[in-house]
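These numbers come from the heavy atoms of this one structure, side chains and all, not from hydrogens, waters or symmetry mates.
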Amino acid sequence: MTTSRLTTLLSVPIGLGVAFFVYQHVTPYREIQCNYLRATPGHEDGFPMSIANPRKTPTNQDSYSLRIPAWRLRPGLSDEEILARFTKGFFGRWIFTPERWLFLSTKLSITRQLTMPQEETSSSTRGRTTVISASTPEIWHLSSLSASVVPPLGSLLFGNFILLDSSAASVEERDAMFPCSNPGSRPDCVFAEFTAGSASIEFISSHRFEITREKTAEEGEMVKITFSHVNCNPTGNASRIRSWMKSLHVLYSKLLFSDGVREVLAN
């Protein structure tokens, strides 16, 4: 192999490696506070997980948060707008692009067989009521993601992430759309929770985004953005998640979180 050809072959992975190093070592990635063992309080017992994991099988949890001085944000930006911007950045910026393109090109969905929990006593999927129906609003293009409001309750993003709970909808609206005998807990803040997967593939993943504010004499007003994640095998069988997959998940989650924050900070 000639030197020029070898240089050409090496330039791609080296270039990608340098780009990735720069991407992950600039703000906000390096400022993220991580908990690799716990989701936010109440997440695993919340309404979406009571639907997705009615047997309360063991879960894997992690969470990522960042505190931002309010003065760094656009004046007058509400918590609801911050949540909408974060959601748009999380699903709409560079890191999620390969996954989004995969779903868009193949129409692959791991969530369409998600069923309501009161029917989980049956060993057969025949006759069960699926959470996703013909009337479920589907979002396939970034232009449909607003920077001011989160998608409507029940929206299905890119064929796989269904919004099962949100502070933008009342408890009554949520329960009417997704009747469930176990209502679960609900965070006392602005939030949105997306769920993907089903028992049929033995994998469930729940993504909760939370926005809170706090004010101290030393720091002034701070806005805290949190991404909480829970996954499990809802059938009760052994988890298929391997240790190397967990490490990759943490890296991917931090990069997705960073993209969400970048959208919040964008002018």
Side-chain angles (χ1 to χ4, degrees), residues 16 19-20 23-24 28-29 48 51-52 64 73-74 77-114 130-169 173-174 177-178 190-198 200-201 203-211 225-229 231 248-249 251-267:
L16 289 174
F20 178 75
Y23 195 84
Q24 71 167 331
Y29 185 100
I51 291 179
Y64 311 86
L73 305 178
R74 192 190 71 192
L77 198 65
S78 67
D79 289 355
E80 289 76 12
E81 289 176 296
I82 295 173
L83 178 63
R85 283 172 171 248
F86 181 84
T87 301
K88 184 174 183 178
F90 187 97
F91 290 108
R93 283 188 171 241
W94 287 107
I95 297 301
F96 192 73
T97 296
E99 194 172 346
R100 188 174 64 250
W101 283 355
L102 172 65
F103 295 146
L104 184 60
S105 61
T106 64
K107 294 299 189 268
L108 172 68
S109 177
I110 62 173
T111 309
R112 292 189 184 277
Q113 299 305 312
L114 181 63
T130 56
V131 173
I132 298 171
S133 66
S135 60
T136 297
E138 298 195 32
I139 294 176
W140 286 99
H141 301 286
L142 296 181
S143 58
S144 299
L145 286 178
S146 170
S148 56
V149 293
V150 296
L153 186 68
S155 295
L156 183 65
L157 273 60
F158 311 111
N160 288 275
F161 301 88
I162 185 167
L163 184 59
L164 289 182
D165 202 3
S166 167
S167 54
E173 291 173 322
R174 181 198 68 186
M177 183 174 293
F178 306 113
V190 171
F191 78 98
E193 188 166 341
F194 297 87
T195 301
S198 66
S200 63
I201 66 165
F203 179 77
I204 286 291
S205 180
S206 174
H207 299 63
R208 178 187 283 182
F209 307 150
E210 300 180 4
I211 308 299
I225 302 175
T226 301
F227 164 37
S228 178
H229 172 261
N231 72 61
L248 183 61
H249 160 76
L251 175 62
Y252 189 47
S253 296
K254 292 172 76 173
L255 291 171
L256 286 170
F257 181 85
S258 296
D259 269 357
V261 172
R262 286 186 177 92
E263 188 70 22
V264 172
L265 296 175
N267 293 328

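The minimum heavy-atom distance between A169 and E173, with the atom names listed, is CA-OE1, 3.3 Å. Taking all atoms of both residues into account, the shortest heavy-atom contact from A192 to L163 is CB-CD1, 3.8 Å. The shortest heavy-atom contact between P98 and I95 is CD-O, 3.4 Å. Between I139 and S144, the shortest heavy-atom distance links the atoms CG2-CB, 3.8 Å.
Looking at residues two or more places apart in sequence or on another chain, you find a side-chain contact (heavy atoms from CB on, under 4.5 Å) between A52 and L114, T195, I204. Considering only residues two or more places apart in sequence or on other chains, E138 meets the salt bridge (charged side-chain N to carboxylate O under 4.0 Å, His left out) condition with R112. For W101, there are no side chain to side chain donor-acceptor pair (under 3.5 Å) partners, not counting sequence neighbours. Applying the side chain to side chain donor-acceptor pair (under 3.5 Å) rule to S146 yields the partners S148; only residues at least two apart in sequence or on another chain are considered. Scanning for salt bridge (charged side-chain N to carboxylate O under 4.0 Å, His left out) contacts around R174 gives D165, with sequence neighbours left out. The side-chain contact (heavy atoms from CB on, under 4.5 Å) check on E99 picks up F96, F103, F161, Y252, with sequence neighbours excluded. In this view, E263 and R93 satisfy the side chain to side chain donor-acceptor pair (under 3.5 Å) rule, not counting sequence neighbours. Listed by chain and number, the residues in a salt bridge (charged side-chain N to carboxylate O under 4.0 Å, His left out) with E81 are R74 (sequence neighbours excluded). For T106, the side chain to side chain donor-acceptor pair (under 3.5 Å) criterion is met by no residue, not counting sequence neighbours. With sequence neighbours excluded, the residues that form a salt bridge (charged side-chain N to carboxylate O under 4.0 Å, His left out) with R208 are E193, E210. By the side-chain contact (heavy atoms from CB on, under 4.5 Å) test, L142 is found to be paired with R100, L145, F158, residues two or more places apart in sequence or in another chain being considered.
Of the residues listed (F227, F194, F86), the one engaging F91 in a ring pair (Phe, Tyr, Trp, His ring centres under 6.0 Å) is F194, and it is the only one.
Between the side chain of S167 and the backbone N or O of F191, at least one donor-acceptor pair lies under 3.5 Å. Judged by distance alone, the side chain of S198 and the main-chain N or O of T111 form no donor-acceptor pair under 3.5 Å. Judged purely by atom type and a 3.5 angstrom limit, D79 has no side-chain atom pairing as donor or acceptor with the backbone of V190. A side-chain donor-acceptor contact under 3.5 Å links N160 to the backbone of L108.
Here salt bridge (charged side-chain N to carboxylate O under 4.0 Å, His left out) pairs that include residues 83-92, with residues two or more places apart or in two chains, number zero.
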- Evaluate side-chain contact (heavy atoms from CB on, under 4.5 Å) for F178 paired with L153, printing each intermediate quantity in order. CA-CA 10 Å; F178 306 113; L153 186 68; 4.2 Å; yes
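Atom OG1 of T136 is separated from atom CG of L156 by 7.0 Å, given to the nearest 0.5 angstrom. Once rounded to the nearest 0.5 Å, the distance linking OG1 of T87 with CD1 of I82 reads 11.5 Å. We find the OG-CE distance between S135 and M177 to be 8.0 Å, quoted to the nearest 0.5 Å. Separating the OG1 atom in T97 from the CG atom in L102 is a distance of 12.5 Å, to the nearest 0.5 Å. Interatomic distance, CZ of F90 versus CG of D259, reported as 9.0 Å (0.5 Å rounding).
Side-chain contact check for F257 versus I225: some heavy-atom pair is nearer than 4.5 Å.
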